[in-house]
2 protein chains.
Amino acid sequence: MNITIYDIAQKCNVSIATVSRVLNGSTRVSEKTRAKVLQVMKEMGYKPNPFARGLGLDSMKIVGVICTDVADIFYAHAVSLLEDGLRKHHFDVMLSNTGSDTGHNGKYISAMADKHVDAIITIGTPFSSESDVRQLCETARQIPVITINSDYHQPNMYSVVCNEKEGMKMVVAALAAKNCQDILYIYDSLTYSGRHKLDGFRQGIREWRLTEKPELIQQIPRTLEDTEALIDRLAKAAIPFDAIVTSEDIFAVAAQRAALRHGKNIPVIGCNNSILAQCATPTITSLDNKLTSLCNAAVHIVTELTGKEADSVPVRTEFSADLVERESFRR
Amino acid sequence: MNITIYDIAQKCNVSIATVSRVLNGSTRVSEKTRAKVLQVMKEMGYKPNPFARGLGLDSMKIVGVICTDVADIFYAHAVSLLEDGLRKHHFDVMLSNTGSDTGHNGKYISAMADKHVDAIITIGTPFSSESDVRQLCETARQIPVITINSDYHQPNMYSVVCNEKEGMKMVVAALAAKNCQDILYIYDSLTYSGRHKLDGFRQGIREWRLTEKPELIQQIPRTLEDTEALIDRLAKAAIPFDAIVTSEDIFAVAAQRAALRHGKNIPVIGCNNSILAQCATPTITSLDNKLTSLCNAAVHIVTELTGKEADSVPVRTEFSADLVERESFRR
DNA sequence: TTGTAGGCGTTATCAG
DNA sequence: CTGATAACGCCTACAA
């Protein structure tokens with residue numbers, strides 16, 4: 001149906017082997033025939049069939065990217081960065097959203113593996129249940145798995161993380177230095193990243209000898225409505241807090257708005273340094289978790305691993321977080 | 001390297017043909033052998049090789065999705081919706097970002113076609129240059145192309161649009177009813193969608209006998225900074241305006257903030273009804289362009305087209321826009 | 001430098 | 001109901 005190497009071989013009076021050779025840049029072809037073949041290929045608009053190539057080589061230069069939900073601005077940004085980077089290295093991107101289907105994410109990675117992608121990159125997706133981890137390991141046996149903001153310490157898996165734990169400690173330190181006593185922490189899920197942020201927060205609280213109050217650590221769904229409702233609830237219950245830290249910018253946006261509505265003009269610090277932080281009024285200070293660096297590193301690992309010499313690829317790559325100060329907090 | 005139908009055929013003492021049959025759910029297999037084959041397949045962990053299947057069928061159940069930039073919240077949402085819908089119909093998604101590479105987007109669609117995807121969905125991507133359109137048509141000759149918020153009227157192309165032109169007229173009408181005289185319009189690019197919104201705005205202005213002022217129609221880059229700078233510039237030049245309409249929510253967010261800074265508490269209406277509109281204070285009224293409906297329709301077209309009977313698929317599907325009122329504007 | 005032939009894993013078309 | 005066998009398009013030893 002399409003033009004094949006047979007067609008162009010015939011037209012050039014050579015064998016398909018020769019055509020294949022010029023296609024793969026083999027040096028064992030005379031300049032003359034190479035030129036002719038190239039010429040005819042262009043004339044006929046020949047395009048190699050990726051299926052056929054894939055069958056023999058067991059590779060289609062495709063990388064699977066798995067995230068919770070591209071509609072979320074953070075993951076969207078990550079996917080965009082990964083796509084750009086991978087495309088530069090002639091990899092295509094196959095996208096898969098897991099949704100918040102915790103405990104059943106293994107199936108997504110298995111499904112991706114069945115597609116025979118060359119590598120898989122996951123962003124923040126938790127593989128928490130036992131079966132998840134089993135499927136994850138099984139997959140890694142076949143193809144490399146790069147996890148951004150996760151770390152499973154398994155063979156053929158590579159983790160790229162941002163040290164958000166230290167970042168959160170830094171956040172608490174900055175607030176403590178401003179004499180904040182009762183810091184409200186809002187988060188939604190305990191992914192690898194979520195856990196580390198919470199740990200960092202708690203540790204910061206202890207190090208600065210602030211008292212830990214369970215009612216000031218709140219887990220809620222990641223929506224504006226739930227966040228505003230939470231703040232309303234706390235205000236109604238007269239639970240005091242003099243600063244807000246959140247695991248996601250979107251919480252910070254809503255929390256700040258609700259707090260201001262209650263007359264509380266207090267420091268608010270979000271996380272991810274997304275555009276949302278800049279859309280709020282006042283603009284929101286946010287912990288930058290170096291998404292660009294993380295994605296670049298992940299892409300680099302893929303190219304190394306799929307390249308000729310996959311000699312020394314770091315199993316774990318770590319970046320440090322940064323506090324980006326805006327109106328919602330100044331030292 | 002992997003387990004093939006040969007392996008399982010051998011183990012079952014049947015031919016590969018039989019195995020293939022149970023694999024494809026053919027009825028012409030005895031219950032007994034079917035059960036046995038299924039059993040052995042499970043035991044050995046057999047997974048069909050998609051390359052081989054693709055080679056024969058010339059289809060890998062993959063749909064290419066092309067957008068300008070997934071990092072943009074609107075496109076991100078679209079990609080998310082498409083991915084969900086397509087996955088439900090057992091299609092994988094191959095993602096491609098063009099970037100704002102206007103005039104050279106043809107190459108992205110050609111590249112996608114070379115991958116032998118089953119269909120291509122574009123979101124808002126403009127194919128403006130002559131070579132772009134040529135490549136687009138060439139691609140459509142091979143595989144169906146569904147364009148969301150575009151319309152090229154070419155064979156084998158299907159367009160799914162939201163009537164944002166009427167939407168914008170509605171917006172102007174609502175503002176005119178509130179006695180706004182000098183409406184500032186901010187936009188960035190003249191894609192299909194961008195053109196129609198601008199047209200709708202202009203037409204609305206004329207219909208309501210408001211005077212058209214060139215200085216009140218401003219084209220700027222899609223950033224918060226540029227938007228704020230624009231408002232500052234207009235304020236400095238003492239150019240009067242008593243309402244703001246924008247082609248994207250992000251403009252509305254920044255414009256409203258800057259306007260408030262200048263003491264202008266005026267109606268602001270954005271477009272896309274994204275989360276950004278809800279992050280601003282006051283929350284922003286926005287023209288909802290029915291992204292969910294658009295994406296669902298696109299997915300539906302793909303399934304129809306790739307299904308058995310591709311008899312009657314509408315060449316053009318149109319939805320109407322809705323005004324979602326929030327604090328930045330009330331009737 | 002070039003050609004021949006076998007293999008990659010499935011599907012589909014024949015006969016039986 | 002089942003089994004051979006020919007595509008599908010490309011790559012790559014092995015020969016020439």
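Here is the naming used below: chain letters follow the sequence lines, and residue numbers restart at 1 for every chain.
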Worksheet, complete the sentence: Contacts of B:Arg87 meeting salt bridge (Lys or Arg N to Asp or Glu O under 4.0 Å) (sequence neighbours excluded), chain-then-number -> B:Glu83, B:Asp92
Discussion item. When the axes are fitted on five pairs at both termini, how much does the helix from C:dT1-D:dA16 to C:dG16-D:dC1 curve, in 10° steps?
Written reply: 40°
Item to complete: May I ask you to list the residues of residues 43-52 of chain B, by number, that have any heavy atom positioned under 4.0 Å from an atom of DNA chain D?
Response: none
Worksheet item: Considering residues at least two apart in sequence or located in another chain, which fulfil the ring-ring contact (aromatic ring centres under 6.0 Å, His included) criterion with B:Tyr192?
Response: B:His196
Worksheet entry | Residues forming a side chain to side chain donor-acceptor pair (under 3.5 Å) with A:Lys47, sequence neighbours excluded | B:Asp114
Response to the item:
Here the salt bridge (charged side-chain N to carboxylate O under 4.0 Å, His left out) pairs for residues 116-131 of chain A, sequence neighbours left out, are none
Item to complete: If a pair satisfies side chain to side chain donor-acceptor pair (under 3.5 Å) and one of its residues is in residues 133-142 of chain B, list it, with sequence neighbours excluded.
Response: B:Ser110-B:Gln135
Response to the item:
By salt bridge (Lys or Arg N to Asp or Glu O under 4.0 Å), B:Asp7 pairs with (sequence neighbours left out) none
Fill in: Residue list, side chain to side chain contact (heavy atoms under 4.5 Å, CB included) with A:Ile16, at least two apart or on another chain
A:Ile5, A:Tyr6, A:Ala9
Worksheet entry | salt bridge (Lys or Arg N to Asp or Glu O under 4.0 Å) involving A:Glu31 - partner list, sequence neighbours excluded | A:Arg34
Worksheet entry | Qualifying ring-ring contact (aromatic ring centres under 6.0 Å, His included) pairs with a residue from residues 77-122 of chain A, counting only residues at least two apart or across chains | A:His116-B:Phe51
Worksheet, complete the sentence: Numerically ordered, the residues 13-22 of chain A set in heavy-atom contact under 4.0 Å with DNA chain D is A:Ile16, A:Ala17, A:Ser20, A:Arg21
